[in-house]
Amino acid sequence: METMSEQAVFPPSPEFSSRAHVPSLDAYRDLCRQAEQHPEEFFSALAEKELTWFKPWDHPFEWNPPFVKWFVGGTLNASYNCVDRHVEAGNGSKVALHWIGEPGDTRDITYAELHVMVSRFANMLKARGLKPGDRAIIYMPMVPEAVAAMLGCARLGVTHSVVFGGFSAEALKARIQDLEASAVITADGGWRRGKTLNLKGAVDDAIAAECPSVHTVIVLKRTENEITMTAGRDVWWHDLDATVTDDCPPEHLDAEHPLYVLYTSGTTGKPKGILHTTGGYLLHAVLTMKWVFDLKPDDIYWCSADIGWVTGHTYIVYGPLAAGATQIMYEGAPDFPAWDRWWQIAAQYKATIFYTSPTAIRALIKQGEHLPNAHDLSSLRLLGSVGEPINPAAWEWYHRVIGKGRCPIVDTWWQTETGGVLIAPMPGATPLKPGSGTLPMPGILAEVVDFEGKPVGVNQEGFLIIKRPWPSMMRTIWRDPARFEQNYFSRIPGIYFTGDAARRDEDGYFWILGRVDDVMNVSGHRLSTMEIESALVRHPAVAEAAVVGKPHEITGQAVCCFVTLKQGNWDNHKLGIELRQWIAHEIGSFARPEEIRFTEALPKTRSGKIMRRLLREIVTSHTVSGDVTTLEDLGVVTKLAAQHDED
Ligand code: PRX
């Protein structure tokens, strides 16, 4: 039941504001004014203050649409900024990571210890012949070594690409090939709901054939799973570690040096390798830690994302560590061994800031208030939400039950492409409206426009665009600049097209309405309808497939597939199970469809385009109870709708 009206407004409390980095709406507006009028001066001053550079830049900004450069000619190192400088400033004994393994093992890692881990790992890569500009894949569980691996790559100028552990061998292989990666960093396993993920097995399957670029696989021992090691190629982390020293000076890298590539789903079957570079990305990451998370030196910050997603990159690794935060990192599932695992951890470590997704909140609501209420959550002072719109009922529960009515909620809108948060409240300044990301960050010129690029009126729906480049903007799609331009800068030439629909209310607040393209949002993760369709038609029984997102109580959307079959005697029930398994194999278990619906024909326009709009309507209005044996006759409805569509 949705109980809260859209008009509800929650102004910041005076105590919160009085201590906040941005203490009032006037202070926020002042930052926006400076950034809008003099963006180069504004971001240059902040880059000088917030980051440590080896060499200053010659020009702050170069814009040849759609390609942008920030801090041109400057050099720095992301790992130096995330680790060394805190140690040099006398904060080596501060805890960087309070890590909790799912089975209950724990480690507290100080900045000084992280410095040693990162330096040694960079030396391990060097020992295996990696050099600046090479690419390494990181396919690891949520353990401190995964953070050290990312920062170790950054130290050396090796571009990393983290692949979420839930992706299959097939998906991993596609990423290795696209990047021509030289190394894969993995583990013998990772813990999830009391079971172990067979990460090394997937790596072996991925590179068994067709991945000639990989000469090194570094394997961390985590679960004692039985694995096979290929002589010459595979090496245990601990064995390699024993051969190196702690001393590894950071490379002086160009501000535009490629820091990482992270793959995300687009509107075709092929994922896009989103490229982020060093200086501008790191600046935005550290700025938003202060602006949005209001981070202070004594905070205990916790972002529940996995490092395989962009939220983990910017708000577990680069943002919090560049800002010198102490954070909590948890390896496993929120429901293991019971649904109060997160609350138990938050209470034990006295978390002050907690950042999660609406899907997680909805799943937790279902388990009941008694679970959080059994733990002392009084240390919390700020809550965050990311990945999808937060519905009023979830907002209300998060605010009342977790935040005890005291903690502001920052609803952060951003994308893999934007590198960091673009629209969100500044919690000491911005009055909150549940369900709205509120207002843009300084320097982010966001607007809602129509097809021609003209701003729409108050409360009217349109496309969300960003009119001016910002420091942490993606630089290109890996090896596909034409697709980069086509996807993001062609709808309105020279202007960044987000792919989201939105409206702005009378106070200028942004309300995100969802994707305008064929991308679904399942549990806050982006999934491409086309990618799943391409995977389905690779199955020998499938003739055609159309995939749409259907509304889902917990995950926001769920994957629903309409499938036509090739001639043959198929057992639809068995095949439904098999096709779900097939998607898990081709993409990953998190993409497994909720529903497979067999039909004799797919609704198409006369020109042969599948009418996903109609299918979306079908799945939205009729809730079929997951019966995989239904054989639908869409013939009549198709004919009618096709006529209507082409009239
Ligand atoms: O549709 C928007 C939705 O998630 C998309 C970006 O997905 P991804 O690149 O996987 O990054 C997710 C984590 C930043 C956006 O285009 N989205 C993200 N945050 C919000 C959101 N929708 C509404 N409100 C949000 N706070």
Side-chain angles (χ1 to χ4, degrees), residues 162 164 166-167 260-267 271-276 281 284-285 288 292 303-316 318-319 355-362 383-392 394-395 398 409-425 430 432-441 444 446 448 461 463-466 472-474 477 487-488 496-504 509-529 531 549 555-557 588 590-591:
V162 183
F164 172 59
F167 276 110
Y260 68 83
V261 173
L262 186 60
Y263 286 84
T264 189
S265 295
T267 49
K272 308 182 271 199
I274 306 297
L275 175 70
H276 284 291
Y281 171 79
H284 191 85
T288 44
V292 179
C303 165
S304 76
D306 190 283
I307 50 152
W309 307 110
V310 76
T311 307
H313 283 59
T314 310
Y315 297 111
I316 294 178
Y318 291 107
Y355 188 34
T356 194
S357 69
T359 287
I361 297 165
R362 289 189 292 264
L383 303 172
S385 169
V386 62
E388 49 185 318
I390 179 164
N391 52 305
W395 198 98
Y398 199 25
I409 297 178
V410 289
D411 177 357
T412 62
W413 176 87
W414 59 297
Q415 310 177 297
T416 306
E417 292 88 337
T418 69
V421 171
L422 294 197
I423 300 178
T430 321
L432 309 173
K433 295 189 191 182
S436 168
T438 77
L439 300 167
M441 295 293 108
I444 303 304
V448 180
E461 292 184 14
F463 303 111
L464 178 65
I465 56 155
I466 315 291
S472 65
M473 182 171 117
M474 72 183 288
I477 294 178
N487 269 206
Y488 303 104
Y496 178 78
F497 185 79
T498 63
D500 277 357
R503 67 180 172 82
R504 258 182 121 169
Y509 277 39
F510 286 83
W511 297 79
I512 307 296
L513 304 167
R515 303 288 307 181
V516 296
D517 52 15
D518 289 324
V519 171
M520 297 170 287
N521 189 326
V522 178
S523 306
H525 301 313
R526 241 152 89 172
L527 284 174
S528 153
T529 54
E531 200 177 337
T555 59
Q557 283 190 308
F590 67 97

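Values below: every heavy atom of this structure, side chains too, minus hydrogens, waters and symmetry copies. Counting starts at 1 for both ligands and their atoms, following the listed order.
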Quick one: which of [options] gives a side chain to side chain contact (heavy atoms under 4.5 Å, CB included) with [X]?
X    : options          : value
F510 : T438, D500, V448 : V448
Y355 : V292, L383, T311 : T311
V519 : L527, T267, T529 : T267

[X]: numbered ligand 1 atoms lying under 4.0 Å from its heavy atoms:
X    : value
T311 : 13 (C)
I512 : 22 (N), 23 (C)
V386 : 13 (C), 14 (C)
N521 : 3 (C), 4 (O)

Please find the pair of heavy atoms, one from R503 and one from L513, that lie closest to each other, and give the distance.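 Answer, listing the atom of R503 first, then L513: N-CD1, 4.1 Å.
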Say whether [X] and ligand 1 are in contact under the criterion: heavy-atom distance to a ligand atom below 4.0 Å.
X    : answer
G437 : no
G499 : no
T498 : no

Look at [atom] and say which protein heavy atom is nearest, naming residue and atom and giving the distance to 0.1 Å.
atom                    : answer
atom 4 (O) of ligand 1  : G387 O, 3.3 Å
atom 7 (O) of ligand 1  : R526 CD, 3.1 Å
atom 20 (C) of ligand 1 : E388 N, 3.5 Å
atom 16 (O) of ligand 1 : R515 NH1, 2.7 Å
atom 23 (C) of ligand 1 : P389 N, 3.1 Å
atom 1 (O) of ligand 1  : D500 OD1, 2.9 Å
atom 9 (O) of ligand 1  : T416 OG1, 2.6 Å

With H313, which of Y260, Y318, F164 fulfils ring pair (Phe, Tyr, Trp, His ring centres under 6.0 Å)?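 Among Y260, Y318, F164, the one that satisfies the ring pair (Phe, Tyr, Trp, His ring centres under 6.0 Å) with H313 is Y260.
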Would you check, one step at a time, whether the test side chain to side chain donor-acceptor pair (under 3.5 Å) holds for T359 with E388? CA-CA 8 Å; T359 287; E388 49 185 318; 2.7 Å; yes
Heteroatom proximity flag, Q415 to ligand 1, N/O under 3.5 Å: yes
To the nearest 0.5 Å, what is the distance between CH2 (W309) and CZ (R526)?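 Spacing of CH2 (W309) from CZ (R526) equals 10.5 Å.
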Can you confirm whether or not the ring centre of F167 sits under 6.0 Å from the ring centre of Y263?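 No, too far apart.
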Under 4.5 Å between any side-chain heavy atoms of L464 and I423, yes or no?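 The answer is yes, as the side chains (C-beta and beyond) meet within the 4.5 Å cut-off.
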Test S528 against S265 for side chain to side chain donor-acceptor pair (under 3.5 Å), laying out the working first. CA-CA 5 Å; S528 153; S265 295; 5.4 Å; no
